[in-house]
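Just so it is clear, the structure is predicted and the values come from calculations on it, not from any experiment. Atoms considered below: every heavy atom in the structure, side chains included; atoms not considered: hydrogens, waters and symmetry mates. Below, chain A is the first sequence line, B the second, and so on; all start at residue 1.
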Number of protein chains: 2
Amino acid sequence: MAQLRTRTAARRSAAVDVSPIEEEAPAPSDVKAPRASAPMNADAPAGDDRDRASPDYEIIELFFFAYRDFVSDPDRMLNSYGFGRAHHRILHFVGRQSGLTIAELLDILRITKQSLNRVLKELIRDGFVEQRAGVTDRRQRLLYLTEKGEALSLAMSAVQQERIARALSKCDAGAREAVLDFLFAMIDPDDSAHVARLVWKEAGRRS
Amino acid sequence: MAQLRTRTAARRSAAVDVSPIEEEAPAPSDVKAPRASAPMNADAPAGDDRDRASPDYEIIELFFFAYRDFVSDPDRMLNSYGFGRAHHRILHFVGRQSGLTIAELLDILRITKQSLNRVLKELIRDGFVEQRAGVTDRRQRLLYLTEKGEALSLAMSAVQQERIARALSKCDAGAREAVLDFLFAMIDPDDSAHVARLVWKEAGRRS
DNA sequence: GAGATATGTCAATAAGGCTGACATAAAAAT
DNA sequence: ATTTTTATGTCAGCCTTATTGACATATCTC
C-alpha cells in the first residue's frame, strides 16, 4: 500500500528526539509507532548480503508484547471456567473446523495426544465439546462444539476481534493486508500450506 | 524489496498451479495471504456500531501460528544449553537494557521475583549474566550480559531477524511500518507507554 | 533508630507439555 | 480369515514456567 507519507509520518519526533527535557513521562502513549527506524538493511543493495543484519528489535519486542496481551483476554475468560489457554486453542479450532478428527487437531496444535487428551477430556466432561465416531472410518473421533462451547468460543474470538479492530483503527488503510502478508510469511515455509488451507478453508471435512 | 505492483494482486499461480481455476486449493502455500477478505465491518459506517463484528479469524489464527514459529528458533537454540524460553526473555531484555534492575526486569516480564530468580540464577551460574550492586542504591542489582551472554542473545536475535527479514521481503513496501503500528496498537493502552519507552529508548539507565 | 524498599529464598501447587509403555477397536493388507 | 496398521485412549513419571505465601537480609529514608 505504500503510504509512507500520506499519513503516518510525524510521530513523536521520538527516540533520538530533540527537545531536551524529560520526555520520559510519555503522553500515555502515542497512537502510532515512531517512524523512520527501518532496521538499517531494510533495502540493502539487493546483493545476497549475508553478513550482519541489525536485529529488528522493534518488531521482535512488539511482537512479544502484542502477543502477550492478545492472549490475555481469552485467558481471563477461561479462568472463570477453570480452564486455561490450552482449552482455548481446542475450542477455537474445533469451532473453526467442525468435525475435525483428533489426528487433525493434533496436527494443528503440534502437541502430543496425551497433552491434548488431558484438556479435551475436561472440555467434553463439562459439555463444551462433543465427540462422534467417524462415518467412513469409525475409529476416528470427530469433534464438535456444543452450543455452550460455541458460545464460549465465539465470546473469546469476540474479545480478540475487538482488540484487533481497535488496533487496525489506529493504523493506516491497507494495514490489515500488510499484517496478513507479514504474519503469513512469518510462518515456517513448510507449514504455510497447511496453515493456508486451515485459515482460508476449502477442504471439506469428512462427514 | 521488489514488490509486484503497488498492490499485491496477482496471487497464487505458482507451484502446482497451472490450469486456471481451482482457486481454492492453495498451491502449497503462496507467497502472500489471499486477498479481499476484509473482516466485513472493516470500514463500517463509522457509527459506533457496537453490535456484532465478525471475528477476524485470519489475523487471529495467523497471529497464533506466526508467533509459534517466531519463538521456535530461539527455543531450539536455548535447548542445547539446557535453557528455555524464560532464559531467552531475560537474555534479551538484559541485553537490550544493560544495567537494568531486578525490579525493572520484573516489570517488563510481568512475572514474580521467584519465577525470575529461578531462571536468572541459572544464567548467572553459567556465566551468561552478571550482577553488580547499584551505585546510588546498593540494594539494587544491576544486570549485565557477559560476553558469552551477549553472544547468545545476539545469536537469538539474529535468527529472529532472519525470519522477519524474510517475511518482510515477501510483503509490499511499507509493510514494516504497518506491522509496527499494528503490533504497537495491539498492546494494552495502559501498557503502551511503558513498552514504547522500552522499545524506543530514551530514558537513561542508572549507573 | 524505625520503617520502607530491593532483593533472595524455601515450600507447595498448578498448567501445559513430553516420553514411554500399553490397550482397544476398526480398517487394510495378505 | 489372519495379520498388520491405524486412530485413539490411558497410566505414570518428569520438566519448565509460573503462582502464592512466608520469611530473611541488606540498605535507604525519615
Peer 1: Check nucleotides 28-30 of chain D for protein N or O atoms closer than 3.5 Å to its own N or O atoms and list the pairs.
Peer 2:
unit_1, atom_1, unit_2, atom_2, d
dC28(D), OP1, Arg138(B), N, 2.7

Peer 1: Find every protein N or O atom lying less than 3.5 Å from an N or O atom of nucleotides 12-18 of chain C, and list the pairs.
Peer 2:
unit_1, atom_1, unit_2, atom_2, d
dG16(C), OP1, Arg85(A), N, 2.8
dG16(C), OP1, Ala86(A), N, 3.3
dG17(C), OP1, Arg89(A), NH2, 2.1
dC18(C), OP2, Thr112(A), N, 2.7
dC18(C), OP2, Thr112(A), OG1, 3.1
dC18(C), OP2, Ser115(A), OG, 3.0

Peer 1: Measure from CG on Asn117(A) to P on dC11(D) and round the result to the nearest Å.
Peer 2: 10 Å
Peer 1: Could you state the atom-to-atom distance from CD of Gln140(A) to P of dA26(C) in whole Å?
Peer 2: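 So the CD-P distance, Gln140(A) to dA26(C), works out to 13 Å.
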Peer 1: For nucleotides 1-3 of chain D, print each protein N/O atom paired with a nucleotide N/O atom at under 3.5 Å, atom names and distance only.
Peer 2:
none

Peer 1: Over how many whole Å does the gap from Leu106(A) atom CG to dG9(D) atom P extend?
Peer 2: 9 Å
Peer 1: Roughly how many Å is it from CG in Asp75(A) to P in dT19(D), rounded to a whole number?
Peer 2: 12 Å
Peer 1: Output all residues satisfying side-chain hydrogen bond (donor to acceptor under 3.5 Å, both in side chains) with Arg132(B), sequence neighbours left out; order by chain, then residue number.
Peer 2: none
Peer 1: Using whole Å, what does the distance between atom P of nucleotide dT16(D) and atom CG of Asn79(B) come to?
Peer 2: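 In whole Å, dT16(D) P and Asn79(B) CG are 9 Å from each other.
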Peer 1: Centroid separation under 6.0 Å, is that true for the rings of Tyr57(B) and Trp200(A)?
Peer 2: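 Aromatic pair excluded; centres sit 6.0 Å or further apart.
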Peer 1: Under the rule for side-chain hydrogen bond (donor to acceptor under 3.5 Å, both in side chains), what residues qualify as partners of Arg96(B), not counting sequence neighbours?
Peer 2: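 Result, side-chain hydrogen bond (donor to acceptor under 3.5 Å, both in side chains) vs Arg96(B): Glu61(A).
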Peer 1: How many Å lie between CG on Leu105(B) and C1' on dA6(C), as a whole number?
Peer 2: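 Between C1' of dA6(C) and CG of Leu105(B): 14 Å.
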Peer 1: Taking the ring of Phe64(B) and the ring of Phe93(A), is the distance between their centroids below 6.0 Å?
Peer 2: yes
Peer 1: Can you pull the salt bridge (Lys or Arg N to Asp or Glu O under 4.0 Å) pairs that have at least one residue in residues 109-119 of chain B, sequence neighbours excluded?
Peer 2: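 Output for this query lists Asp69(A)-Arg110(B), Arg110(B)-Asp191(B).
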Peer 1: Can you name the residues that form a side-chain hydrogen bond (donor to acceptor under 3.5 Å, both in side chains) with Arg138(A), not counting sequence neighbours?
Peer 2: none
Peer 1: Taking only residues at least two apart or on different chains, which pairs with a member in residues 157-183 of chain A satisfy ring-ring contact (aromatic ring centres under 6.0 Å, His included)?
Peer 2: none
Peer 1: Once you round it to whole Å, what is the distance between C1' of dA7(D) and CG of Asp107(A)?
Peer 2: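 So the CG-C1' distance, Asp107(A) to dA7(D), works out to 14 Å.
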Peer 1: Less than 3.5 Å apart, which donor and acceptor atoms pair up between the side chains of residues 121-129 of chain B and the rest of the protein, not counting sequence neighbours?
Peer 2:
unit_1, atom_1, unit_2, atom_2, d
Glu122(B), OE1, His87(B), NE2, 2.5

Peer 1: Which residues satisfy the ring-ring contact (aromatic ring centres under 6.0 Å, His included) test with His88(B), sequence neighbours excluded?
Peer 2: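 Here no residue qualifies.
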Peer 1: Quick one: ring-ring contact (aromatic ring centres under 6.0 Å, His included) pairs with a partner in residues 101-120 of chain B, sequence neighbours left out?
Peer 2: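 Passing the test, one end in residues 101-120 of chain B: no pairs.
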Peer 1: Does the side chain of Gln131(A) get closer than 4.0 angstrom to OP1 or OP2 of dG9(D) through an N or O atom?
Peer 2: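 Answer yes for this pair, as a side-chain N or O of Gln131(A) is under 4.0 Å from OP1 or OP2.
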Peer 1: Using the side-chain hydrogen bond (donor to acceptor under 3.5 Å, both in side chains) criterion, which residues pair with Thr146(B)? Sequence neighbours excluded.
Peer 2: none
Peer 1: Without decimals, in angstroms, what is the distance between Ile124(A) CD1 and dG9(D) C1'?
Peer 2: 11 Å
